[in-house]
Amino acid sequence: MNDVPSPTDTLPAAAAGRPEPAAELRHDFRAAEPRWQAEWERRGCFAVPDVPDGSRPKYYVLEMFPYPSGKIHMGHVRNYTLGDVVARYKRARGHQVLHPMGWDAFGLPAENAARDRGVHPAAWTYQNIANMRAELKRMGLSLDWSREFATCDPEYYGQQQRLFVRLMRAGLVERRESWVNWDPVDNTVLANEQVIDGRGWRSGAPVEKKRLSQWFFAITKYAPALLAALDDLPRWPERVKTMQANWIGRSEGARVRFPLVEPVAGPEGRITEAEVFTTRPDTLFGMSFLAVAPEHPIAAAVAARDPKAAEFVAECRALGTSEAAIEQAEKRGYDTGLRVAHPFIEGATFPVWIANFVLMEYGTGAIFACPAGDQRDLDFARKYGLPVLPVVRPADAGEDFTVGDTAFTDDGIAFNSGFLDGLPTAEAKLAAIAKLEELGAGTRVVNWRLRDWGVSRQRYWGCPIPVIHCDSCGAVPVPEDQLPVRLPEDVDFSRPGNPLDHHPTWKHVACPSCGAPARRETDTCDTFVDSSWYFARFTAPRAGEPLVRAAADGWMPVDQYIGGIEHAILHLLYSRFFTRALHDTGELAAEEPFAGLFTQGMVTHASYRAADGRWLYPAEVEVRADGTAVARETGKAVTVGRGEKMSKSKNNTVDPGGIIDRYGADTARWFILSDNPPDRDMEWSEAGVAGASRFTQRLYRLVAGAAGGLPAPEAPLTAEPGSAARKLRQATHRTIAAVTEALEGFNFNVAVARLYELTNAVGEASGGEASGDAAPALGAARREALETLARLSAPMMPHLAEELWSLLRPAGRDGGAEALVAELDWPEADPALLAADTVKLAVQVLGKLRATIEVPVGTPEAEVLARAEAEENVQRAIDGRPIRKRIHVPGRIVNFVV
RNA sequence: GCCCCCGUGGCGGAACGGUAGACGCGGCGGACUCAAAAUCCGCGGCCGCAAGGCGUGGGAGUUCGAGUCUCCCCGGGGGCACCA
């Protein structure tokens with residue numbers, strides 16, 4: 001990688017031809033890191049049983065498992081470092097910690113590799129996994145690797161097929177024909193969640209509408225539960241919950257039936273009425289027209305007999321998916337000539353239009369329009385000269401209230417509305433619904449934006465849907481004793497379309513039910529299905545059943561889940577649904593998969609773009625002192641982008657492997673944690689890593705230089721009040737408390753800062769060496785401080801922590817009996833040492849700082865106030881005025897009000 | 001358009017309603033060195049010689065006291081979006 005300086009100036013210094021001062025005081029991470037990784041492995045520090053044994057409270061830490069693209073990137077490093085801090089900390093706090101790793105291994109890139117390079121998807125995927133596993137292992141993560149699996153293992157997807165047929169039997173999987181989002185580049189269907197701004201989430205191609213037979217998971221059955229349960233997830237970020245709530249999209253209103261004055265012949269029989277969904281039944285008296293979506297059966301019925309209508313519908317469909325339509329969003333309509341009767345106004349009828357702004361997917365695909373109360377309806381009415389009758393006025397407006405080009409959409413008072421006149425909006429809604437129900441013209445309903453989850457994908461490299469289509473028996477689930485339905489290995493990727501469908505023999509099978517010739521389902525599952533239950537599978541990854549109750553119920557839910565915000569909706573919502581479905585089919589007890597969720601920020605890096613649009617590598621650019629930059633080759637100015645997400649296309653990636661080669665895993669981990677709060681985007685910088693590296697060396701030197709001269713570990717910790725030893729002990733114990741609090745709150749950057757402070761304090765305490773009786777006490781205090789540093793930094797820099805610990809407790813070196821830091825409990829802060837002996841108080845006059853005084857803790861208030869008042873600056877600020885009030889917050893502040 | 005989050009030194013960022021800027025990066029000065037690197041020591045919000053004054057996007061408010069709480073505005077980021 002070009003922006004990683006060459007390794008010639010790296011450690012050890014001797015390699016670069018420099019003198020190597022005090023070699024024994026240089027931390028050689030290249031030797032130490034693999035050594036400690038091997039020792040953790042040898043001692044089985046991170047392995048746990050399938051069923052938590054109850055000796056300690058369980059804690060399940062999980063990071064979103066990676067897609068095996070071939071190399072780990074900095075986002076992975078950040079993700080897994082954050083998780084490892086939590087895992088190691090919780091382990092030290094006495095929990096039995098499950099911390100597994102696996103691979104989200106199905107997906108289109110493997111098929112693309114097969115097509116472009118002639119490698120089989122399985123070979124490509126497993127090779128990538130091998131590469132990435134080796135990279136991850138170098139990070140020193142405290143993982144139970146014995147639980148590793150890939151979703152493309154037949155042992156995994158076979159169990160998933162088992163779940164599929166069980167969910168099918170439970171009525172949670174359905175096959176039906178529907179309009180689907182078709183990605184013309186990837187040649188497959190996309191879920192609604194995978195369409196972003198009208199384009200496929202992977203290919204970026206404009207999505208087309210197609211009508212196909214598809215498999216659906218009945219996520220809508222869980223819409224109310226998925227929404228309500230968000231309130232019971234206190235350890236989830238608010239914004240993720242908000243995004244999910246918006247996506248589920250609950251709205252209260254009414255369904256209203258409008259009888260057609262003359263019924264029409266639709267494609268599936270006579271249509272006698274139009275049903276609409278509305279959230280504003282209180283505005284029914286302001287109705288101007290009724291509008292249906294171009295895909296609505298009434299539109300189809302009209303189009304069948306009216307060529308102009310047919311033309312309009314065809315135009316809408318063509319435009320419906322193009323970019324232009326999405327951006328322009330011009331409201332257009334066609335008057336069908338049909339009319340509907342009004343439920344409240346005897347004898348009144350209104351025209352029925354086909355309108356391009358009405359969505360077939362939402363509500364009933366038809367609306368009644370009250371232009372005075374809805375901007376879109378108003379725009380439409382003005383364009384086509386339809387009437388506009390205001391029926392809701394602002395509370396402070398009179399009966400003469402009118403609407404111009406802006407609809408009044410707020411709540412107000414009903415008028416021009418018969419029996420609703422004078423009612424505030426909330427009451428008017430209730431009254432209108434009551435009347436509709438009384439007349440049999442409508443009902444109160446709750447409408448949901450969420451659609452069922454279409455999981456069929458016309459791809460090869462995915463979990464085959466375990467169904468067989470039989471002409472007489474229909475869609476028959478594959479019997480469980482015939483699972484897994486394995487992917488065939490001899491497939492042709494050169495032809496477009498679904499390779500499974502092209503396979504000469506694979507799909508031809510006998511019907512499991514009647515034995516007649518039948519066809520295998522050739523669609524595979526959306527890969528989001530694979531990631532919707534992997535967290536539960538980790539609890540018993542080799543079992544012959546999808547889940548083992550004792551294991552799943554023992555470990556689930558995941559106590560702390562960590563990953564990127566980009567999965568706020570898709571993966572997290574699907575997993576929540578799947579967990580509920582598995583709960584309802586008796587597979588596990590948990591109803592929610594993730595009790596705690598943490599969303600990390602991106603890793604960004606500066607980027608450089610030349611005037612011709614080419615992205616330059618950092619090495620091709622000269623950055624000037626004022627922050628501007630020029631291309632080395634041409635001398636022309638380049639645009640400097642601060643903090644852009646690392647991306648190969650922008651040439652601003654940094655390869656984690658190179659960083660670990662040069663600085664070691666601990667330095668990379670430490671920098672990533674220290675830079676900023678983990679939920680924000682962080683900017684990767686060479687200077688920052690170098691600074692982190694300096695600290696690891698400094699800490700090592702501090703411990704290695706002191707270790708030989710320290711008293712034995714058993715030496716008594718005694719320290720006279722006011723002595724240097726006591727001050728150091730207080731700093732140590734305050735650091736324990738502060739780091740603990742910071743780790744609990746995910747404020748890892750603050751934990752790092754506290755460790756810097758303690759390191760500084762130990763360095764200072766060794767400056768003026770104590771003499772006589774004080775020397776042993778200070779020595780013991782220094783041992784305590786250094787041992788504490790090793791133990792508190794272990795979650796973040798686990799290898800260095802072991803190295804330091806082994807210097808301080810040499811019995812553990814090279815496989816000795818001494819415990820490793822990874823096996824130790826978390827240090828306890830001694831409450832008696834948390835408070836200093838004296839405290840500095842700020843003295844304010846009228847809230848402005850005028851002096852600080854230092855008083856012994858516990859000084860009587862009267863004495864504190866007297867000393868504060870006596871300060872010269874305080875007297876000057878008071879300026880002879882009488883003091884009206886004296887405020888004293890012990891240990892914090894004194895404020896005089898004059 | 002609706003909803004959410006965020007605005008603090010040159011930079012990343014600290015701060016139970018209680019001394020704003022901890023800690024780090026960069027910078028400056030010094031020591032060591034023939035010199036450099038590494039290391040160590042010191043300085044460091046702004047204005048001012050100083051005394052002092054001003055400072056957490058802007059404006060009001062609550063409070064003895066506001067970066068923190070309330071309201072309005074400005075700016076940045078994100079999510080949803082012809083959602084009836």
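Because only heavy atoms are used, hydrogens play no part in the values below, and waters and symmetry mates are left out as well, while side chains stay in. Numbered from 1 within each chain, the chains take letters A, B, ... in sequence-line order.
The side chain of A:Asn749 has B:G13 as its nearest neighbour among B:A84, B:A51, B:G13. When distances are taken from the side chain of A:Ile887 to each of B:U39, B:A14, B:G18, the shortest belongs to B:G18. Distances were taken from every side-chain heavy atom of A:Arg892 (C-beta onward) to each of B:C16, B:C40, B:A15; the shortest belongs to B:C16. With distances taken from any side-chain atom of A:Ile569 to the nucleotides B:G18, B:C25, B:C80, the minimum falls on B:C80.
Contacts of A:Val358 with the nucleic acid, taken as non-hydrogen atoms under 4.0 Å apart, include base atoms. Heavy atoms of A:Arg754 sit under 4.0 angstrom from at least one base atom. Among the heavy atoms of the strands, none lies under 4.0 Å from A:Ser674. Nucleic acid contact class of A:Arg694 (heavy atoms, under 4.0 Å, all strands): sugar-phosphate only. Residue A:Arg850 is classed as a sugar-phosphate contact, given heavy-atom separations below 4.0 Å to backbone atoms only. Nucleic acid contact for A:Arg876: sugar-phosphate only, since backbone atoms but no base atoms lie under 4.0 Å from a heavy atom of the residue. Nucleic acid contact class of A:Tyr756 (heavy atoms, under 4.0 Å, all strands): sugar-phosphate only. Within 4.0 Å of A:Arg376, counting heavy atoms only, lies at least one base atom of the nucleic acid.
For the side-chain contact (heavy atoms from CB on, under 4.5 Å) test with A:Met797, the passing option among A:Leu755, A:Leu699, A:Leu673 is A:Leu699; the others fail.
For B:U63 and B:G13, the P atoms lie 35 Å apart once the distance is rounded to whole Å. Comparing the P positions of B:U56 and B:U68 gives a spacing of 9 Å, expressed to the nearest Å. With C1' as the reference atom, B:C69 and B:G18 are 15 Å apart, rounded to whole Å. Rounded to a whole angstrom, the distance from the P atom of B:A15 to that of B:C64 is 27 Å.
Checked by distance alone, A:Lys885 brings no side-chain donor or acceptor within 3.5 Å of a matching partner on the base of B:C64. Between the side chain of A:Asn895 and the base of B:C64 there is at least one donor-acceptor pair of N/O atoms closer than 3.5 Å.
Judged by Watson-Crick or G-U wobble contacts below 3.5 Å, the nucleotide B:G7 has B:C74 as its partner.
Under a 3.5 Å cut-off, the side chain of A:Thr283 and the backbone N or O of A:Arg280 do form a donor-acceptor pair.
For the pair A:Arg239 and B:G78, the criterion of a side-chain N or O lying under 4.0 Å from OP1 or OP2 is not met. Not one side-chain nitrogen or oxygen of A:Asn246 sits closer than 4.0 Å to the OP1 or OP2 atom of B:G79.
For A:Trp670 and A:Phe695, the distance between ring centers is under 6.0 angstrom. Here the two rings, on A:Phe380 and A:Phe289, have centers that are under 6.0 Å apart.
Nucleotide B:G24 holds its C1' atom 13 Å from the CE atom of A:Met797, rounded to whole Å.
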Between A:Glu869 and A:Arg886, does the salt bridge (Lys or Arg N to Asp or Glu O under 4.0 Å) criterion hold? Intermediate values first, please. CA-CA 10 Å; A:Glu869 197 175 334; A:Arg886 294 174 170 82; 3.3 Å; yes
